[in-house]
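Below you'll find the structure, written out as structure tokens, and then a few comments.
Since the model is a prediction, treat every value here as computed from it, not as a measurement. Chain letters run A, B, ... following the sequence lines, proteins first, then strands; residues in each count from 1.
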2 protein chains.
Amino acid sequence: MPTIKDVAKSAGVSPSTVSRVINNHPRISSETRKKVKESMKRIGYHPNIIARSLVKQKTNTLGLVMPYSTEEAFADPFYSEILRGIGSVAQDKEYSLLLITSNGEQEELEVTLKAVRSKRVDGLLILRAKSNDALLKELKELETPFVVVGRPEDEKNNFWVNNDNIESTKNLIEYLIGLGHKRIGVITGDSEYIVYKDRLEGYRRALYHNGIEYNPNYVIQTTGHHGLTTRYTKELLESYPKLTAIFAVDDLIAYGAILGIKELGLKVPDDISVVGFNNNPLSQLITPALTTVDINIFELGSTATKSLINIISEDPKEYYHEIVKTNIIVRDSCGGDKGEVDGNGE
Amino acid sequence: MPTIKDVAKSAGVSPSTVSRVINNHPRISSETRKKVKESMKRIGYHPNIIARSLVKQKTNTLGLVMPYSTEEAFADPFYSEILRGIGSVAQDKEYSLLLITSNGEQEELEVTLKAVRSKRVDGLLILRAKSNDALLKELKELETPFVVVGRPEDEKNNFWVNNDNIESTKNLIEYLIGLGHKRIGVITGDSEYIVYKDRLEGYRRALYHNGIEYNPNYVIQTTGHHGLTTRYTKELLESYPKLTAIFAVDDLIAYGAILGIKELGLKVPDDISVVGFNNNPLSQLITPALTTVDINIFELGSTATKSLINIISEDPKEYYHEIVKTNIIVRDSCGGDKGEVDGNGE
DNA sequence: CTGAAAGCGCTAACAC
DNA sequence: GTGTTAGCGCTTTCAG
């Protein structure tokens with residue numbers, strides 16, 4: 001493999017001149033520039049990025065911290081889709097992407113810290129927001145630029161991009177309320193993840209704003225294991241047969257819920273309405289097609305990446321965050337509440 | 001950030017000694033080893049991987065060439081899952097993962113070649129097998145180690161890992177035939193991808209081995225766009241109402257097919273049986289639960305990664321490939337052919 | 001078993 | 001506008 005020296009010899013200039021044309025240095029005669037470029041092409045030269053990184057103390061690489069996760073969480077196309085968004089701007093801005101995977105909290109911490117300490121990456125995209133996140137604390141001490149996709153607990157002192165999960169959920173639930181539903185069950189995920197906390201909060205606010213009392217018994221927390229979701233849904237509906245709608249905090253959970261409802265011999269939306277969240281591409285294919293919230297995952301990824309690159313290069317003095325719009329996608333999984341056409345309270 | 005020199009000073013040894021303890025050099029006194037390790041810890045030293053890569057001419061990084069793809073192809077959890085398999089062994093063997101994404105054939109080629117020419121990666125995992133693949137040709141010229149996940153066209157002169165798609169499909173179709181089906185429609189994907197070619201071939205072989213004539217009109221090629229899948233399925237069934245089963249070359253396609261069947265007012269499996277492929281985690285959740293083939297995606301990823309690492313370090317003289325086992329998952333989407341209980345041919 | 005010195009391929013003052 | 005020189009942080013002969 002030819003190096004910059006070979007090009008220099010072949011073009012009859014010094015290595016620094018070659019370096020300058022590579023880096024588009026302004027003060028270089030168009031003549032030598034041309035000469036050098038020809039030499040590069042002739043001998044098949046390509047700059048060694050590693051060497052450049054070493055002297056520049058910059059790798060032009062972004063680390064992607066994937067959630068360590070069960071098989072099933074990974075089945076979530078969320079990650080494929082956000083990778084698309086991230087990849088698209090990284091490509092554009094000439095950044096590479098280092099995938100950081102792990103099998104648990106401890107390993108995630110170690111692997112991620114190693115990547116930054118060993119100077120493999122210029123910054124990180126954290127693809128989830130958790131409570132009490134040890135990773136974020138360590139990262140701040142290392143002064144690594146990072147942006148989290150989601151709302152971190154300490155939202156004033158981090159860079160992040162997210163949907164407004166509280167408000168979006170509130171709107172979604174109010175759509176249900178508008179249809180006449182008052183007793184709405186919730187199947188939520190691991191409360192360690194802030195996204196689920198927020199969606200639950202949105203649910204509560206919707207009830208509150210509409211004078212409906214919040215009943216904690218209507219809320220079931222599942223582990224993300226689909227089989228369990230189905231079972232929990234059935235148990236919930238058996239315990240509280242007056243429920244007329246189910247809010248699943250994620251479409252994948254909604255699928256399990258719908259299955260549970262069907263297994264009970266009930267119909268969606270005739271007996272029970274169901275809403276999900278995230279607008280999984282499959283949600284338009286199931287029967288009934290699922291009413292859900294499109295959270296614009298691609299944009300979440302691209303926005304976060306732009307932010308990170310900006311932070312790396314500009315070192316902004318103030319923390320900031322960005323909110324990506326959502327919109328409700330009304331499909332066929334909700335009906336009016338036929339069980340209680342009069343009255344307006346519990 | 002402290003460097004090896006700082007450690008050396010602090011421990012009262014030379015930089016080379018420090019380097020030796022980092023690299024577990026055998027001929028080093030356990031005393032100095034201890035002393036050096038303490039110094040490293042004390043001053044918070046972490047080796048700079050970039051510098052090491054430069055001198056070793058090795059990055060310990062694997063490039064992952066993701067298929068450039070539409071929004072919907074990305075929704076396929078195949079990629080999430082294979083990433084898990086890859087990540088798990090890469091982690092274990094201390095390799096990093098560079099994600100290579102692109103928006104089209106040309107960009108994919110450029111970006112990938114750039115990654116290898118600029119010495120960013122030691123080898124590549126190509127996550128798809130296409131006909132007439134320009135990328136593979138270029139890569140061979142560059143003498144980069146790579147393994148393809150799938151069966152490349154020139155199977156004798158490449159490293160690859162794959163399922164036996166032909167045989168697996170043959171078995172799947174024979175399961176259908178065993179149930180009494182003889183007129184089986186096929187919804188397949190882009191024939192540029194060898195996986196779909198092979199599955200179609202398996203279908204033909206199953207028919208052939210059972211004395212059933214192959215009818216090309218029963219085979220529809222879709223683009224992977226779900227909406228179209230649904231429409232094509234309906235058209236197929238309207239044109240050939242005698243079909244009693246549908247073979248979808250991928251579960252995602254099967255979902256669209258099932259929707260089409262339902263829209264026609266027909267029932268699965270009572271009127272039409274459906275089988276898919278890949279065992280998407282959602283396939284157990286839909287109604288009816290889909291009979292499909294589990295292709296062990298995680299193992300596909302881990303096997304390919306082990307192979308690649310082996311190739312990088314051992315430089316084997318012969319090409320080889322590995323086959324990952326599949327197994328049919330029988331669920332509820334197939335019934336016997338009630339339309340034609342007698343007879344055994346067309 | 002340890003140290004000195006050279007160098008991986010590139011960039012960046014500093015000269016001229 | 002271009003060349004010279006030093007050096008990024010590490011590994012690796014070669015001595016001893």
Side-chain angles (χ1 to χ4, degrees), chain A residues 1-40 43-61 94 96 114-122, chain B residues 1-40 43-61 94 96 114-122:
Chain A
M1 273 280 150
T3 75
I4 212 172
K5 281 187 185 171
D6 301 314
V7 180
K9 252 175 225 160
S10 153
V13 297
S14 77
S16 41
T17 299
V18 177
S19 172
R20 282 190 262 258
V21 350
I22 293 169
N23 292 283
N24 282 314
H25 191 99
R27 286 186 308 183
I28 199 116
S29 79
S30 59
E31 198 185 345
T32 40
R33 184 184 305 270
K34 191 168 151 243
K35 203 167 51 180
V36 168
K37 287 205 165 166
E38 274 166 7
S39 292
M40 298 199 309
I43 66 180
Y45 168 81
H46 294 272
N48 182 318
I49 286 200
I50 303 294
R52 179 185 298 166
S53 295
L54 181 57
V55 24
K56 288 210 172 175
Q57 301 285 57
K58 184 164 189 309
T59 57
N60 261 259
T61 302
E94 315 238 72
S96 298
K114 185 172 177 189
V116 346
R117 287 179 176 139
S118 65
K119 296 268 176 291
R120 292 227 51 164
V121 298
D122 294 338
Chain B
M1 274 277 150
T3 74
I4 212 172
K5 282 187 184 170
D6 301 314
V7 181
K9 251 174 227 158
S10 152
V13 296
S14 76
S16 37
T17 299
V18 178
S19 171
R20 282 190 262 260
V21 348
I22 294 170
N23 293 281
N24 281 314
H25 192 98
R27 289 186 306 185
I28 199 115
S29 79
S30 61
E31 198 186 342
T32 40
R33 186 185 304 272
K34 189 166 153 248
K35 200 168 54 179
V36 169
K37 285 204 168 169
E38 273 166 7
S39 293
M40 297 198 310
I43 68 180
Y45 168 80
H46 295 274
N48 182 318
I49 286 200
I50 302 294
R52 177 185 297 167
S53 296
L54 181 58
V55 23
K56 289 209 172 176
Q57 300 284 58
K58 185 164 187 312
T59 56
N60 262 259
T61 302
E94 314 238 72
S96 297
K114 186 173 176 188
V116 345
R117 288 182 176 137
S118 65
K119 297 265 177 292
R120 290 227 55 163
V121 297
D122 294 338

- [ ] Scan B:Thr32 against the nucleic acid and name what it touches under 4.0 Å (heavy atoms): base, sugar-phosphate only, or nothing.
- [x] sugar-phosphate
Task: Smallest separation among heavy atoms of A:Asn60 and A:Asp122, with atom names - done: N-OD2, 2.6 Å
TODO: Measure from CD on A:Glu31 to C1' on D:dT2 and round the result to the nearest Å.
DONE: 13 Å
Open item on the list: Base, sugar-phosphate or nothing for A:Val18? Non-hydrogen atoms, less than 4.0 Å.
Closed with: nothing
TODO: Mind listing the closest non-hydrogen atom pair of B:Thr61 and B:Arg120 along with its distance?
DONE: CB-O, 3.7 Å
Open item on the list: How many whole angstroms separate atom CD1 of B:Ile43 from atom C1' of D:dG9?
Closed with: 13 Å
Task: Value in whole Å for how far the P atom of D:dT12 lies from CD1 of B:Ile4 - done: 11 Å
Open item on the list: Ignoring hydrogens, what is the shortest heavy-atom contact between A:Ala8 and A:Ser14? Give both atom names and the distance.
Closed with: CB-C, 3.7 Å
Open item on the list: Just N and O in the side chain of A:Ser19: are any of them under 4.0 Å from OP1 or OP2 of C:dC10?
Closed with: no
Task: Interatomic distance, A:His25 NE2 vs D:dG3 P [rounded to whole Å] - done: 13 Å
Task: Heavy-atom closest contact (A:Arg33 atom, A:His25 atom, distance) - done: NH2-O, 3.1 Å
Open item on the list: Mind checking if B:Arg52 touches a base, just sugar-phosphate, or nothing, with heavy atoms under 4.0 Å?
Closed with: sugar-phosphate
Task: A:Asn23 side-chain N/O to C:dT11 phosphate OP1/OP2 under 4.0 Å - done: yes
Task: Selection from D:dC10, C:dC10, C:dG3 that lies nearest to any side-chain heavy atom of B:Val13 - done: C:dG3
Open item on the list: If I compare all heavy atoms of B:Tyr45 with all of B:Ile4, which pair ends up nearest, and what's the gap?
Closed with: CE1-N, 3.5 Å
Can you check nucleotides 4-8 of chain C for protein contacts, nitrogen or oxygen pairs under 3.5 Å, and list what you find?
from  : atom 1 : to      : atom 2 : distance (Å)
C:dA4 : N6     : B:Ser16 : OG     : 3.2
C:dC8 : O3'    : B:Gln57 : NE2    : 3.4

- [ ] For residues A:Ile43 and A:Ser10, report the shortest heavy-atom separation together with the two atoms involved.
- [x] CG2-OG, 4.3 Å
